[in-house]
Enquirer: 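Quick one: structure below, then a few questions.
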Amino acid sequence: MTRTDLADLYRAYIACLNRQDWRQLGQFVGDEVRYNGEPVGLSGYRAMLERDFRAIPDLRFEIGLLVVDPPHVASHLLFDCTPTGLLFGLPVNGRRVRFAENVFYEFRDGHIAEVRSVIDKAAVEAQL
């Protein structure tokens, strides 16, 4: 897969998340996906995303920076949202917060196989 192909695939994945089109998630995420070293599988990954959207009704993934070196993708994702209760264990309770996530993916056979995520919790703490 070329850099351009992988970048396009990743952007389509982000669009899928923003649409909350869970039926299409398997087009992008492998059945045996691992998240931060833990095997979660496609169903566990989907459940995690669904929980995120329930806790943050206005959740939207925005790509701030995208670096592609097949089979890897590195993305700096930006969030501007209003979580309803706790966010990363912090009492946000409907306040608008902005934060970023640095996330690294490994693709195998055209699907996300590994996800490594680091979220800027300190940015949220600073806004409370």
Side-chain angles (χ1 to χ4, degrees):
M1 187 174 289
T2 69
R3 282 190 165 118
T4 301
D5 292 341
L6 190 52
D8 289 346
L9 181 64
Y10 180 74
R11 286 185 182 97
Y13 160 72
I14 293 297
C16 175
L17 298 184
N18 286 332
R19 288 190 314 271
Q20 299 178 56
D21 189 355
W22 308 129
R23 289 175 296 134
Q24 300 300 316
L25 190 62
Q27 290 183 10
F28 307 100
V29 179
D31 291 333
E32 304 299 322
V33 66
R34 296 175 64 87
Y35 182 81
N36 284 343
E38 297 295 320
V40 295
L42 177 57
S43 63
Y45 195 75
R46 175 180 171 165
M48 175 187 68
L49 290 164
E50 288 175 331
R51 280 191 305 273
D52 291 344
F53 275 94
R54 278 193 302 275
I56 311 168
D58 63 347
L59 182 61
R60 179 158 179 78
F61 293 75
E62 181 182 331
I63 300 170
L65 177 66
L66 181 62
V67 178
V68 178
D69 186 15
H72 299 98
V73 169
S75 185
H76 182 74
L77 297 172
L78 305 172
F79 301 93
D80 183 348
C81 56
T82 50
T84 57
L86 293 177
L87 180 66
F88 316 128
L90 301 170
V92 177
N93 300 322
R95 285 181 268 189
R96 181 179 177 196
V97 291
R98 294 183 183 105
F99 62 95
E101 175 184 19
N102 294 311
V103 61
F104 305 90
Y105 304 85
E106 182 177 340
F107 283 74
R108 289 187 209 123
D109 300 320
H111 292 82
I112 296 169
E114 296 272 346
V115 181
R116 294 170 193 88
S117 167
V118 179
I119 296 174
D120 188 0
K121 182 178 173 182
V124 176
E125 289 174 319
Q127 295 168 69
L128 300 180

Enquirer: Let me confirm one number: the CD-CG distance from Gln20 to Leu59, rounded to the nearest 0.5 Å.
Expert: 7.5 Å

Enquirer: Is it true that, when you exclude Glu32 itself, more than 12 heavy atoms of the residues, nucleotides or ligands shown sit nearer than 6.0 Å to its CD?
Expert: no

Enquirer: Please name the pair of heavy atoms, one in Arg46 and one in Arg23, separated by the smallest distance, quoted to 0.1 Å.
Expert: NH1-N, 4.5 Å

Enquirer: Is any side-chain heavy atom of Ile56 closer than 4.5 Å to one of Val92?
Expert: no

Enquirer: Do other residues, nucleotides or ligands put more than 12 heavy atoms under 6.0 Å from Arg60 CZ?
Expert: no

Enquirer: Rounded at 0.5 Å granularity, tell me how far CZ in Arg51 sits from CG in Leu49.
Expert: 9.0 Å

Enquirer: Grab the two heavy atoms, one from Met1 and one from Asp5, that are nearest each other, plus how far apart they are.
Expert: CG-CB, 3.5 Å

Enquirer: How many angstroms lie between atom NE2 of His76 and atom CD of Glu101, to the nearest 0.5 angstrom?
Expert: 10.0 Å

Enquirer: Measure the shortest side-chain to side-chain distance between Leu65 and Ser75 over non-hydrogen atoms and say whether it is less than 4.5 angstrom.
Expert: no

Enquirer: Determine whether a donor-acceptor pair (N or O, by modelled atom type, separation under 3.5 Å) exists between the side chain of Thr82 and the backbone of Gly94.
Expert: no

Enquirer: Please report the closest heavy-atom contact between Arg3 and Asp69, naming both atoms and the distance.
Expert: NH2-OD1, 3.3 Å

Enquirer: Less than 4.5 Å apart, any side-chain heavy atom of Ile63 and any of Leu77?
Expert: yes

Enquirer: Can you check whether Met48 reaches Val40 side chain to side chain, under 4.5 Å on heavy atoms?
Expert: no

Enquirer: Only distances under 3.5 Å count here; give the side-chain donor-acceptor pairs of residues 11-19 to other protein atoms, sequence neighbours excluded, each with its distance to 0.1 Å.
Expert:
from: Tyr13; atom 1: OH; to: Tyr45; atom 2: OH; distance (Å): 2.5
from: Asn18; atom 1: OD1; to: Phe61; atom 2: N; distance (Å): 2.7
from: Asn18; atom 1: ND2; to: Phe61; atom 2: O; distance (Å): 2.9

Enquirer: If you group Ile, Leu, Val, Met, Phe, Trp and Tyr by side-chain heavy-atom gaps below 4.5 Å, do Phe99 and Leu128 land in one group?
Expert: yes

Enquirer: Can you find a heavy atom in the side chain of Arg98 that is under 4.5 Å from one in the side chain of Leu78?
Expert: no

Enquirer: Quick one: closest heavy-atom pair of Thr84 and Arg54, and the distance?
Expert: OG1-O, 4.3 Å

Enquirer: Counting C-beta onward and ignoring hydrogens, is there a side-chain heavy-atom pair between Tyr35 and Ser117 closer than 4.5 Å?
Expert: yes

Enquirer: What are the two closest heavy atoms between Cys81 and Asp58, and how far apart are they?
Expert: CB-OD1, 3.4 Å

Enquirer: Looking at every heavy atom in both Pro83 and Arg95, which two are closest together, and how far apart are they?
Expert: CD-O, 3.6 Å

Enquirer: Apply salt bridge (Lys or Arg N to Asp or Glu O under 4.0 Å) to residues Arg108 and Glu106 and explain how you reach the verdict.
Expert: CA-CA 7 Å; Arg108 289 187 209 123; Glu106 182 177 340; 3.3 Å; yes

Enquirer: Could you state the interatomic distance from CG (Asp21) to CZ (Phe28), rounded to the nearest 0.5 Å?
Expert: 8.5 Å

Enquirer: Is any side-chain heavy atom of Leu66 closer than 4.5 Å to one of Tyr10?
Expert: yes

Enquirer: Show every side-chain hydrogen bond (donor to acceptor under 3.5 Å, both in side chains) that has at least one partner inside residues 119-128, sequence neighbours left out.
Expert: none

Enquirer: Can you name the side chain to side chain donor-acceptor pair (under 3.5 Å) partners of His72, sequence neighbours left out?
Expert: none

Enquirer: Would you say the side chain of Phe79 lies within less than 4.5 Å of the side chain of Ile119, judging by non-hydrogen atoms?
Expert: no

Enquirer: In terms of hydrophobic clusters joined by side-chain contacts under 4.5 Å, are Leu6 and Phe104 together?
Expert: no

